[in-house]
Amino acid sequence: MGSLTPSVRVRNVPAPASSLPLSNGVINNNGGHHASNGYMDHLHEELAVFESDVFDAQAYVGAKCQSMSEKGIRKLCEDLLDLKRSSAEEMRKSVYANYAAFIRTSREISDLEGELLAMRNLLSSQAALVHTLAESGVSKPVGSMKGDNAKRDLPGNEKVLSELERRAEALPDILDVLLAEKKVEQALLTLDEGDRLVAEGLSDNGKAMSSSAAMQLQDALLDRRVRLAEYLAEATQQPSVRGTELRSAIAALDRLGDGARAHTLLLNSHHERLQHNIRGLRPSGTSYGGAYTAALSQLVFSAIAQATRDSEAVFGEEPAYASELLLWAHSETEMFATLVKRHVLSASAAAGGLRAAAECVQIALGHCLLLEDQGLALCPVLSKLVRPSVEQALEANLTRIEESVAALAAADDWVLTHPPAMLRGSYGLRSSYGAGSGGLASVLKLSSSAHRFNFMVQDFLEDVAPLISMQLGAPTLDGLSMLFDQYIDMLIKAVPSPGDDEDGGAENGDDKKVRIAGTEAQQLALLGNASALADELLPRAAAKLVPGGVHLMVGRDDIRSGIRRGNTDRSQFATVATRLPELKDWRRRLQRGVDRLRDHFCRQCVLELIYYSDDAESQLSPEMYLNLDYEGADVAAWQQEPMPSAIFQALFNKLTSIQQTAREVLTGRERVVAVLLMRLTETLVIWLSEDNDFWDALEEGESSLGSIGLQQFVLDMQFVIQVAVNGRFLSRHMSQVVADISLRAVNTFAATGADPNSVLLDDEWFLTSAQDALHKLLEGWNRQVSSPTASLSAQSVSSFRSHGSE
């Protein structure tokens, strides 16, 4: 064994700086050799007291603690406990990391002990032979030896055997009888008696028993010992030997000095009995994989538990035997996993039967968990072995959900409704929608494909949730996010593009079509589906994959309701939200899918406004500003009743129409509608700022931007701002883009040599004009729409000026 460096803290004796290791592991010896030697000498003096043969631990501790305060003693105890725990942990890690080495070493030690015993017997035989030769008088003259032999040959000179020698001669015959009668315990006692006789015969210089008689007895005992060991080994292999009989046979074999072989035979016996019981199971005889898994796991893990009890009962907690037992338990667990995968999980995984696979794994892990009380942590081993099959079933389930939802999307009418009665009865409102106590009225409305998508995901997560211990949360969330992205792709396909045939449907990848959402209500329903799934339903369902996540989500909803009522602090909501970090990034991924759908919808709307408007004057072109300054144009007449350009009036109509439709389609989803209106307005403004052809015509075209065109442009931008302010969806980004393109128009006018300040009125005039124009357009809209629910309230109309003046 190598020398061990004692991990003892020497108080008040810091190590000299010169002896500290540098970053490359080399000791710094620059002038510190003498200091290092002094430190080592002091350390040897401190440790010398522990090497003394008369070391008194009680007196040492008393002497040390007398000079220490209560706080110091407590600190010393804590340090000692930390060292004890660290030492135990290091020992445990060392044992677990070197199972094979421990077993191999223990077997080598056993073999070495046997060889040493044989060598000792050989040396004893040689010593006895020498001693016998010395007693026989080899050095005597030949003549005297002949005389002695003649005397011994006489009838009256026969040697009288001692009592020990007579007993030694009888022991082999007694052992033969006991072995024939299979009386193992008596045979062991007789062997022990024979060992004592041999020891006495070899140690008393032949007084009670001659050395030759002792050696003969020793050889006879060795032969009977081997025969008894073989009998016991054969007995352990018999199927009828179990329980107490098996433990007795193994214990007897251990008493014979062959403990390593005895422990291996014990494990082999349990393995053979387990194999015999497994052959009695017929996996094809039952259509339910859970029954086979339950029966098989009961057999396997009960056998492991029984082998553990037998090993501890016979051998105790010997590290070498415990290591071999643990390796054997791992091997049996691997065999169990192979059978379950072959007869149950493979078929379930291929067919997408995640629920059956999850139930089987849960049954197995439940049986496996019971072994932890006996110190066998086999659940990680089993989880690692069956994880590939469970992941295969998970992937098959995700594919099945995708195919089912794609088929429903081809026939979806994109009308938001409450969940069908069949689905409500199957899953329940609260578990699927988190409706709380509001009843059916508070349930989010979805279209048919979104309802099916939601319920299939709910069912899927119900199956995965029990397998959280297998670390399947991350791959499950990744699969769900990909599935949601694919559903978003189908929703994007349903958004009509300007000029498309709305009756034919859109292609969705592999020859699958998605029904086009032709009306504005249907298009808003697409966004309602995506936002409801990403913001509420999927995060609530995915909370099942996080320990305690369901309770946190329910608590978060209660806090949100309290905030709306005004009796709960918002800081409580932040506290609950921070306790779900596992879902935070995942929810961002879902939200990016919603953003993709919203941005696509806004781009199609802008394209329709700019290029596909029925009124040519409503299309975006530089002439809408260049042609205003025709010859003889009157600026004063234009300023009498200024109105925004036709395209921005069309934008206003589109925004108002969306807002009115959303009141019926997206009831209670005001934030979703506000973000949609903001993104639609931003998309048009950004499109205008990035239209190079438009700006090239204004800046470098044959006609230059005149004073009326500049004022019309500034009024249009102010009108956009007032529309956003009135709708409460103005953003900083929108304001910045509007300010930038307004400045660009002013610079374009100034590039002609004219002074912009001489033609532009003050900001208050543009603000008032934009508000008046918005007021007129709202009145016209209300006259067009006869439905009371679609008209704007008087309060909303009268608030335009107040919003604009803020």
Do any N or O atoms from the side chain of Ser404 and from the backbone of Arg400 form a donor-acceptor pair under 3.5 angstrom?
no
Answer yes or no: does atom CG of Asp763 have more than 12 heavy-atom neighbours from other residues, nucleotides or ligands under 6.0 Å?
no
Heavy-atom donor-acceptor pair, Ser531 side chain to Gly528 backbone, under 3.5 Å:
yes
Does some side-chain heavy atom of Ile488 sit less than 4.5 Å from a side-chain heavy atom of Leu491?
yes
Glu462 and Gln458: side chain to side chain donor-acceptor pair (under 3.5 Å), yes or no, with the steps?
CA-CA 6 Å; Glu462 288 286 346; Gln458 296 285 338; over 6 Å; no
Table please: side-chain donor-acceptor pairs of residues 596-611 below 3.5 Å, with sequence neighbours left out.
residue, atom, partner, partner atom, Å
Arg596, NH1, Asp489, OD1, 3.0
Arg596, NH2, Asp485, O, 3.4
Arg596, NH2, Asp489, OD1, 3.2
Arg598, NH1, Asp595, OD1, 2.7
Asp599, OD1, Arg679, NE, 3.2
Asp599, OD1, Arg679, NH2, 3.2
Gln604, OE1, Ser497, OG, 3.4

The complete set of salt bridge (Lys or Arg N to Asp or Glu O under 4.0 Å) pairs with one or both residues in residues 668-677, sequence neighbours excluded, reads none
Note, Val594 side chain near Leu590 side chain (heavy atom, < 4.5 Å):
no
Distance in Å, Leu398 CG paired with Met456 CE, rounded so as to fall on 0.5 Å steps
10.0 Å
Flag for His775-Gln771: side-chain donor and acceptor within less than 3.5 Å:
no
Nearest 0.5 Å please: distance from the CD atom of Glu699 over to the CZ atom of Phe749.
14.5 Å
Look only at the side chain of His418 and the backbone of Leu446, and say whether a donor-acceptor pair between them is shorter than 3.5 Å.
no
Student check: side-chain heavy atoms of Leu537 and Val457 closer than 4.5 Å
no
Between the CG atom in Leu705 and the CG atom in Leu628, the distance rounded to the nearest 0.5 Å is 9.0 Å
Under 3.5 Å: donor-acceptor pair, side chain of Ser657, backbone of Lys654:
no
Applying side chain to side chain donor-acceptor pair (under 3.5 Å), name anything that partners Thr661, two or more places apart in sequence or on another chain.
Glu520
Note, Arg589 side chain near Asp478 side chain (heavy atom, < 4.5 Å)
yes
Can you list everything that forms a ring pair (Phe, Tyr, Trp, His ring centres under 6.0 Å) with Tyr487? Sequence neighbours excluded, please.
Phe453
Answer yes or no: is there a donor N or O on one side and an acceptor on the other, between the side chain of Gln649 and the main chain of Pro644, under 3.5 Å?
yes
Hey, what do you get for OG (Ser645) to CZ (Phe719), rounding to the nearest 0.5 Å?
10.0 Å
Can you find a heavy atom in the side chain of Trp586 that is under 4.5 Å from one in the side chain of Leu480?
yes
Taking C-beta and beyond as the side chain, do Phe460 and Leu394 meet within less than 4.5 Å on heavy atoms?
yes
Keeping to residues at least two apart or across chains, list the ring pair (Phe, Tyr, Trp, His ring centres under 6.0 Å) pairs with something in residues 672-695.
Trp695-Phe713
Check whether any side-chain heavy atom of His451 sits under 4.5 Å from a side-chain heavy atom of Asn454, and report yes or no.
no
With side chains defined as the heavy atoms from C-beta onward, is the minimum distance between Leu688 and Phe648 less than 4.5 Å?
yes
Donor-acceptor pair, side chain of Trp414 and main chain of Leu524, under 3.5 angstrom
no
Got a donor-acceptor contact below 3.5 angstrom from the Gln712 side chain to the Ile708 backbone?
no
Please report the interatomic distance CE(Met678) to CG(Leu676), rounded to the nearest 0.5 Å.
9.5 Å
Would you please name every residue forming a side-chain contact (heavy atoms from CB on, under 4.5 Å) with Val746, sequence neighbours left out?
Leu710, Pro756, Leu760
Check for a donor-acceptor pair, side chain of Asn529 on one end and backbone N or O of Ala450 on the other, with a separation under 3.5 Å.
no
Verify the distance criterion only: is there a donor paired with an acceptor across the side chains of Gln736 and Asp740 at less than 3.5 Å?
yes
